[in-house]
Amino acid sequence: MNGRRASCDAAAALRRARILAAVRAIPRGHVAGYGVIARRAGYPRHARLVARILAEHEEPELPWHRVLRADGRIAFPGGSRGFREQCRRLRAEGVRVEAGRVRMPDPGEDLDAAVWGWDGAD
DNA sequence: ATTCTGACCGCAA
DNA sequence: GTTGCGGCCAGAA
C-alpha cells in the first residue's frame with residue numbers, strides 16, 4: 001500500500017472526526033459559526049472544510065443546523081430546502097430566527113436561548 | 001502541476 | 001443595511 005496516501009487519508013479522517021465532534025458539542029438551543037467550529041476542532045482558518053464536511057455527513061443525530069455563518073445568517077440560499085429545514089430545526093429548539101438570521105446577543109438584552117459566538121465557555 | 005469550486009471570513013466602500 | 005474583493009484551504013478534475 002502507499003504510505004503517503006494512507007497517512008493523508010488518516011489525517012483527513014482525523015480532521016473530519018474532530019470537526020464533527022465540535023459540532024456535536026454545541027448545546028441545544030445554542031449556535032456557533034463555521035469558523036468557531038473549525039477553531040475549536042483545532043483547525044483555525046478551515047471554515048470551508050467544516051462546510052464541506054457538514055455537506056457530506058450522514059450522521060442523523062448531528063446538530064448541523066446549529067452551525068451558521070460568521071454574521072449569524074444561515075449559509076443556504078434563502079428559500080432552498082436546506083434553508084427552510086435549518087430554520088425549522090432552530091426554531092424547534094427555541095432559537096429566534098428572523099429573515100434567515102439568528103439574533104445576536106445584544107448587550108443588555110437577556111436572551112435565554114440563542115447565544116451567538118458560543119465558544120465553549122457558555 | 002494547474003484550475004475550479006465551495007453550507008466561509010474579514011474588511012473596505 | 002448592501003456589495004465586492006482578496007484571502008483562505010481541502011478535494012476533485
Side-chain angles (χ1 to χ4, degrees):
Chain A
M1 97 162 76
N2 185 317
R4 193 159 59 81
R5 159 75 177 283
S7 69
C8 220
D9 290 349
L14 178 61
R15 281 196 296 273
R16 185 167 166 285
R18 295 188 56 128
I19 286 172
L20 288 177
V23 172
R24 279 185 223 108
I26 308 174
R28 182 185 174 81
H30 292 237
V31 293
Y34 291 89
V36 173
I37 294 301
R39 183 158 39 76
R40 279 181 60 79
Y43 305 102
R45 299 187 296 292
H46 287 240
R48 305 193 91 140
L49 181 59
V50 173
R52 180 182 188 75
I53 287 174
L54 286 190
E56 294 173 349
H57 91 281
E58 297 176 16
E59 187 180 320
E61 297 303 305
L62 190 75
W64 57 267
H65 57 281
R66 297 179 191 148
V67 186
L68 308 167
R69 296 215 295 233
D71 58 4
R73 296 174 49 178
I74 288 176
F76 289 108
S80 68
R81 209 177 107 264
F83 179 93
R84 289 193 302 275
E85 177 65 7
Q86 187 163 12
C87 260
R88 191 186 70 70
R89 291 195 184 205
L90 284 172
R91 294 205 247 248
E93 52 185 55
V95 176
R96 297 177 58 183
V97 185
E98 299 169 7
R101 170 192 201 179
V102 167
R103 286 207 72 187
M104 306 282 278
D106 298 329
E109 177 184 21
D110 34 322
L111 288 180
D112 51 337
V115 173
W116 174 242
W118 173 80
D119 63 349
D122 194 75

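Bear in mind that the values here come from a model prediction, so they are computed numbers and not experimental data. Naming: A, B, ... by sequence-line order, numbering from 1 per chain.
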How many angstroms lie between CZ in F76(A) and CG in L68(A), if you round to the nearest 0.5 Å? 11.0 Å
Measure CD1/I19(A) against C1'/dC8(B) and give the value in whole Å, please. 12 Å
Determine the interatomic distance between P on dA7(B) and the same-named atom on dG7(C); round to the nearest Å. 22 Å
Nearest to the side chain of R69(A), heavy atoms from C-beta on, is which of dC8(B), dA7(B), dG1(C)? dC8(B)
Of all heavy-atom pairs linking I53(A) and R16(A), the shortest is CD1-CA, 3.6 Å
Between the protein and nucleotides 4-11 of chain C, which nitrogen or oxygen pairs come in under 3.5 angstrom?
residue, atom, partner, partner atom, Å
dC8(C), N3, R48(A), NH1, 3.3
dC9(C), OP1, R45(A), NE, 3.0
dG11(C), OP2, R15(A), NH2, 3.1
dG11(C), O3', R52(A), NH2, 3.4

Distance col, row R15(A):CZ vs L20(A):CG, nearest 0.5 angstrom, shows 12.5 Å
For R73(A) and dC9(B), is the shortest distance between a side-chain N/O and OP1 or OP2 below 4.0 Å? no
Using a distance-only test with no angle check, is there a side-chain donor-acceptor pair under 3.5 angstrom linking E93(A) and H65(A)? yes
Under 4.0 Å between a Lys/Arg side-chain N and an Asp/Glu carboxylate O for E85(A) and R89(A)? yes
Just call it for G35(A): base, sugar-phosphate, or nothing, with non-hydrogen atoms closer than 4.0 Å on any strand. sugar-phosphate
Would a distance-only check, ignoring hydrogens and angles, find a side-chain to backbone donor-acceptor pair under 3.5 Å from R103(A) to V97(A)? no
Under a 3.5 Å cut-off on both pairing distances, which runs of 3 or more consecutive Watson-Crick or G-U pairs involve DNA chain B? B:2-6 with C:9-13, B:8-13 with C:2-7
With side chain to side chain contact (heavy atoms under 4.5 Å, CB included) as the criterion, how do L14(A) and Y43(A) come out once you've worked through the C-alpha distance, each side chain's angles and the decisive distance to 0.1 Å? CA-CA 11 Å; L14(A) 178 61; Y43(A) 305 102; 3.9 Å; yes
Counting any heavy atom closer than 4.0 Å, what does R16(A) reach on the DNA or RNA strands: base, sugar-phosphate only, or nothing? nothing
Might you work through the side chain to side chain contact (heavy atoms under 4.5 Å, CB included) test for R96(A) and V102(A), ending with a clear yes or no? CA-CA 6 Å; R96(A) 297 177 58 183; V102(A) 167; over 6 Å; no
For R89(A) and dA7(B), give me the distance from atom CZ to atom C1', rounded to whole Å. 14 Å
